[in-house]
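In the text below, chain A, chain B and the rest are named by the order of the sequence lines, each starting its count at 1. All values derive from a computational prediction rather than experimental measurement.
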Amino acid sequence: MIGGADVGFEENGAIARAAVVVLSFPGLERIEFAIARIPTPFPYVPGFLSFREVPVILQAFDQLQQKPDLILCDGQGYAHPRRFGLACHLGLLLNLPTIGVAKSHLIGTHEPLDLAKGSWQPLIDREETIGAIVRSRHNCRPLYVSSGHRVSLPTAIELVLNCTPRYRLPETTRWADAIASQRGAFKDPESAQVNP
DNA sequence: GCGACAG
DNA sequence: ATCTTGTCGC
């Protein structure tokens, strides 16, 4: 079972709303999801994102009946100024394997990336490989992948690609995002009528 | 001093 | 992250 977590905001950022979903693997069928809302505990400060999003994610996670074996996070893992991004923070607190999958760059340099899906390049910072940029779809902006907790970078890249059959983002992230934001045909959580 | 800066 | 319609490109 693979989990996905994402956070959205309401009331001009005053309320943080998290969604954690659980998908089967490798089938990627949606098994379950949970939602939590709390007053936003911390402002957005680059490099300190976990203090803003992890608390509410933990509350949503606690509500799950079926706990996932690993979680794909929306944000950096080891590819962080102090090597401890959101994915590392969440994984350590839950003592669960996690992977950081960010949609944009925070730190690190890299060589040009091939356009073909599946290609990747190491992300380097201070002579160290901290993660990788991965082409999850032909000719699309790359994903910033890095290990979060108890997962190696090669395994992280492989898992992210296996969770991304069609779109730029992993299915886990797409579902969590659709549920965390208040978009789509999301009416009653029980009816589960959501469109990623 | 200047530019960059996950969500 | 969020506001917010149409639109450019494959």
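- In this structure, the CG atom of D74(A) is 10 Å from the P atom of dT2(C), given to the nearest Å.
- Counting to the nearest Å, the C1' atom of dC10(C) and the CZ atom of R141(A) are 17 Å from each other.
- At a threshold of 4.5 Å between non-hydrogen side-chain atoms, the residues E53(A) and F9(A) count as touching.
- Between the side chain of R168(A) and the backbone N or O of P142(A), at least one donor-acceptor pair lies under 3.5 Å.
- Heavy atoms of G47(A) sit under 4.0 angstrom from at least one base atom.
- Counting to the nearest Å, the P atom of dG7(B) and the CG atom of L49(A) are 8 Å from each other.
- Residue contacts shown for F9(A) are limited to sugar-phosphate atoms, with no base heavy atom under 4.0 Å away.
- Across the protein-nucleic acid pair, I107(A) atom CD1 and dC5(B) atom C1' stand 11 Å apart, rounded to whole Å.
- Within the 4.0 angstrom heavy-atom criterion, only backbone atoms of the sugar-phosphate kind lie near G8(A); the bases stay farther away.
- At the phosphate of dG7(B), OP1 or OP2 sits under 4.0 Å from a side-chain N or O atom of K103(A).
- Residue E53(A) is classed as a sugar-phosphate contact, given heavy-atom separations below 4.0 Å to backbone atoms only.
- The nearest whole Å value for the distance from the CG atom in L169(A) to the C1' atom in dG7(B) is 13 Å.
- For dG7(B), the OP1/OP2 oxygens have a side-chain nitrogen or oxygen of S104(A) closer than 4.0 Å.
- Between the C1' atom of dC10(C) and the NZ atom of K117(A) lies a distance of 17 Å, rounded to the nearest Å.
- The aromatic rings of F51(A) and H89(A) sit perpendicular, their planes meeting at an angle over 60°, well past the 30° parallel limit.
- Each of I130(A), D125(A), L106(A) was checked for a side-chain contact (heavy atoms from CB on, under 4.5 Å) with H80(A), and the lone residue meeting it is L106(A).
- Here dA6(B) presents its P atom at 15 Å from CG of D6(A), a figure rounded to the nearest Å.
- Using a 4.0 Å heavy-atom criterion, one finds that H138(A) contacts no nucleic acid atom at all.
- Distance L123(A) CG to dA6(B) P: 13 Å, rounded to the nearest Å.
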Carefully, step by step, assess L159(A) and F25(A) under the rule side chain to side chain contact (heavy atoms under 4.5 Å, CB included). CA-CA 10 Å; L159(A) 279 169; F25(A) 185 85; 3.9 Å; yes
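- For the pair Y44(A) and dG7(B), the ring geometry qualifies as stacking, because the centroid separation is below 5.5 Å while the planes lie within an angle under 30°.
- Residue N12(A) is classed as having no contact, given no heavy-atom separation below 4.0 Å to the nucleic acid.
- Nucleic acid contact class of F42(A) (heavy atoms, under 4.0 Å, all strands): none.
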